[in-house]
Protein chains: 2
Amino acid sequence: MAREKSGKKISLQTVERMSLYRKVLEDLHRDGVANVYSHQLAELVRVSPAQLRRDLASFGSFGNISKGYPVYQLILTISRLFGTDTLQNVALIGAGNLGRALLFYRGFEERGFHIAVVFDIDAEKIGRVFAGRRCHHIQDLEAVLPDFGVAMAILACGAQNLQSLVDRLGRAGIRSILNFVPRQIHAVAGMNVENVDFSAKMEKLSFLNRYGTALEFEI
Amino acid sequence: MAREKSGKKISLQTVERMSLYRKVLEDLHRDGVANVYSHQLAELVRVSPAQLRRDLASFGSFGNISKGYPVYQLILTISRLFGTDTLQNVALIGAGNLGRALLFYRGFEERGFHIAVVFDIDAEKIGRVFAGRRCHHIQDLEAVLPDFGVAMAILACGAQNLQSLVDRLGRAGIRSILNFVPRQIHAVAGMNVENVDFSAKMEKLSFLNRYGTALEFEI
DNA sequence: GATGCGCTGTGATTATATTCACAGTAACTC
DNA sequence: GAGTTACTGTGAATATAATCACAGCGCATC
Ligand SMILES: NC(=O)c1ccc[n+]([C@@H]2O[C@H](COP(=O)([O-])OP(=O)(O)OC[C@H]3O[C@@H](n4cnc5c(N)ncnc54)[C@H](O)[C@@H]3O)[C@@H](O)[C@H]2O)c1
Ligand SMILES: NC(=O)c1ccc[n+]([C@@H]2O[C@H](COP(=O)([O-])OP(=O)(O)OC[C@H]3O[C@@H](n4cnc5c(N)ncnc54)[C@H](O)[C@@H]3O)[C@@H](O)[C@H]2O)c1
């Protein structure tokens with residue numbers, strides 16, 4: 001997908017694994033580890049050493065040939081790759097059970113994302129404050145959004161008219177959407193969408209329970 | 001991974017897409033559509049028609065050559081593949097903000113999963129009832145679990161001693177874990193783990209915002 | 001019942017991802 | 001300062017996934 005100046009490509013699968021690497025690197029850093037070898041890090045994230053080296057090499061060369069990789073340095077580099085070395089504001093649509101759990105979740109901030117504005121459609125919720133953030137009416141979207149400079153939105157609302165909400169978000173300058181609503185939505189040009197579907201993960205697990213990582217599969 | 005009697009393999013990526021297919025098939029079914037062509041379904045899930053046909057063919061042949069695929073039939077077949085044609089009980093560990101959102105979420109039941117038991121460690125929560133389910137103390141895990149015949153657990157608890165909790169779940173007969181805790185856990189032999197990490201999805205989106213589905217990428 | 005159309009299922013092909021395996025080298029030893 | 005060790009980065013090889021492209025068929029039409 002993306003390309004480094006030197007011409008190397010970086011695949012989305014690599015980017016996904018990068019999140020894992022960073023997560024365990026944070027743990028190592030907390031434990032005071034300064035350097036780590038590819039085989040150690042690979043072991044921790046359950047990936048082959050060769051793959052880890054290739055992933056890291058795909059955006060430049062960082063390993064010291066006999067000390068391994070510098071933990072803190074690598075954390076910073078990956079954060080820059082993600083653009084999360086500085087906190088960025090995101091919008092939340094829907095302050096229901098899930099939306100409020102997200103508002104009280106501190107894990108986002110730790111990873112560089114700050115839910116800065118909240119919107120809902122339920123009159124009962126407008127004006128209320130959740131974890132320090134006031135809930136606005138969805139009809140004020142265009143009026144309120146520019147105050148916060150957000151490029152990403154999290155959808156945790158109802159399923160009705162979802163696509164038109166997405167289109168509207170696109171027109172209002174949102175470039176990426178994290179979608180928790182179990183409906184297929186279509187990105188407008190230049191917009192990125194990631195769906196989160198717990199049930200799908202459960203289905204995968206259930207499939208694995210039946211047919212195993214191991215083999216023979218009968219209908 | 002898995003193999004059909006005829007010897008065909010079915011890959012995990014196919015299984016993941018199968019969840020998508022089923023989701024839009026449900027929509028079609030609700031709208032009264034009886035049959036659908038591969039190119040229509042493919043368009044709805046944003047996948048190539050050839051891939052869709054191959055995915056479906058990978059667990060047997062189901063398309064009528066001139067009517068396309070029978071919508072309802074296909075829903076049933078995919079459900080059987082997942083083992084979600086009958087409701088299965090799952091356990092929830094942790095009745096915090098996220099855990100309670102999951103308890104009140106009806107989407108699981110619609111997809112064949114029923115959160116049947118809840119465990120927490122916080123004395124204040126033990127004995128309380130959330131969405132009809134009583135919360136048990138985690139120390140009673142081994143005593144209570146067998147009553148419910150669960151093979152899958154959802155982790156929405158704190159991060160302390162997580163791995164030993166996982167090991168304990170394994171010994172208590174849990175075969176699959178859906179893990180919301182942002183720590184790397186290691187499956188015991190024969191156990192399957194799926195991690196849900198919202199922040200990782202946000203990181204991916206943020207990366208895409210910076211470097212685009214389009215190309216040139218500079219450090 | 002012959003003709004044409006447009007579908008599915010799949011062999012063949014191409015593209016992508018992963019692993020192998022090793023050249024090159026920093027650090028450490030004596 | 002020569003020898004040894006164990007690492008990284010990466011071409012080459014392999015494995016896996018996606019796409020192409022078409023044979024073969026059911027159905028509609030005449
Ligand atoms: N609760 C969960 O654990 C969970 C899990 C997975 C997916 N989801 C999905 O996430 C979404 C939210 O789930 P929930 O449990 O919080 O539901 P909820 O009913 O508790 O909350 C939905 C909130 O969205 C608001 N809303 C509805 N339409 C809106 C709109 N057009 N604009 C702005 N706000 C709007 C509602 O007023 C409500 O406050 C649902 O689509 C659900 O399917 C929830
Ligand atoms: N809230 C979110 O939106 C969100 C999002 C992503 C991930 N997570 C993760 O999910 C987990 C739960 O999040 P939360 O917001 O519900 O936190 P929370 O603090 O509200 O709830 C955690 C609950 O787990 C219980 N608990 C802790 N240790 C336990 C143990 N060993 N056994 C049983 N119960 C135990 C606590 O008593 C508490 O009730 C956390 O690890 C969090 O990082 C949460």
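Naming convention: chains lettered A, B, ... in sequence-line order (proteins, then strands); numbering from 1 in each chain.
When the P atom of D/dT16 is taken as reference, atom CD of B/Gln51 falls 17 Å away, rounded to whole Å. Atom OH in B/Tyr69 sits about 6 Å away from atom C1' in C/dT8, given to the nearest Å. Straight-line distance from the CG atom of A/Asp55 to the P atom of D/dT10: 13 Å, rounded to whole Å. Atom P of nucleotide C/dG6 and atom CD of B/Gln40 are separated by 14 Å, given to the nearest angstrom. Distance B/Tyr37 OH to C/dG6 P: 10 Å, rounded to the nearest Å. A straight line from CG of B/Leu56 to C1' of C/dG9 spans 11 Å, rounded to a whole angstrom. The NE2-C1' distance, from B/His39 to C/dG9, rounds to 16 Å in whole Å. As a whole-Å value, the separation of B/Leu52 CG from C/dT10 C1' is 14 Å.
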(Q) Each nucleotide in nucleotides 25-30 of chain D should get exactly one letter: B, S or -. Can you fill that in based on protein heavy atoms under 4.0 Å? (A) BSS---
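Contact annotation: B/Ser48 does not reach the phosphate of D/dA18 (side-chain N/O to OP1 or OP2, under 4.0 Å).
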(Q) Working note: B/Glu110 + B/Arg106, criterion salt bridge (Lys or Arg N to Asp or Glu O under 4.0 Å); need CA distance, chi angles, decisive distance, verdict. (A) CA-CA 7 Å; B/Glu110 285 164 14; B/Arg106 287 172 18 265; 3.7 Å; yes
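Side-chain contact of A/Ser206 with B/Gln88: a donor-acceptor pair under 3.5 Å is present, judged by distance alone. Side chain to side chain, B/Gln163 and B/Asp167 meet the donor-acceptor criterion of an N or O pair below 3.5 Å. In the model, A/Arg22 has a side-chain atom that pairs as donor or acceptor with a side-chain atom of A/Ser79 under 3.5 Å. At a cut-off of 3.5 Å, with distance as the only test, no side-chain donor of B/Tyr105 or A/Asn97 sits close to an acceptor on the other residue. Of the N and O atoms on the side chains of A/Tyr69 and A/Asn35, not one donor lies less than 3.5 Å from an acceptor on the other residue.
Nearest nucleotide to the B/Ala50 side chain, out of C/dT18, D/dC7, D/dC20: D/dC20. The listed nucleotides are C/dG11, C/dC7, D/dT8; the one nearest the side chain of A/Arg53 is D/dT8. Taking only side-chain atoms of B/Arg17, from C-beta outward, the nucleotide of C/dT8, D/dC7, D/dA18 with the closest atom is D/dA18.
Nucleic acid contact for B/Thr14: none, since no nucleic acid atom lies under 4.0 Å from a heavy atom of the residue.
With hydrogens and angles ignored, a donor-acceptor pair under 3.5 angstrom links the side chain of A/Arg54 to the base of C/dT19.
Using a 4.5 Å cut-off on side-chain heavy atoms (C-beta onward), A/His114 and A/Phe108 make no contact.
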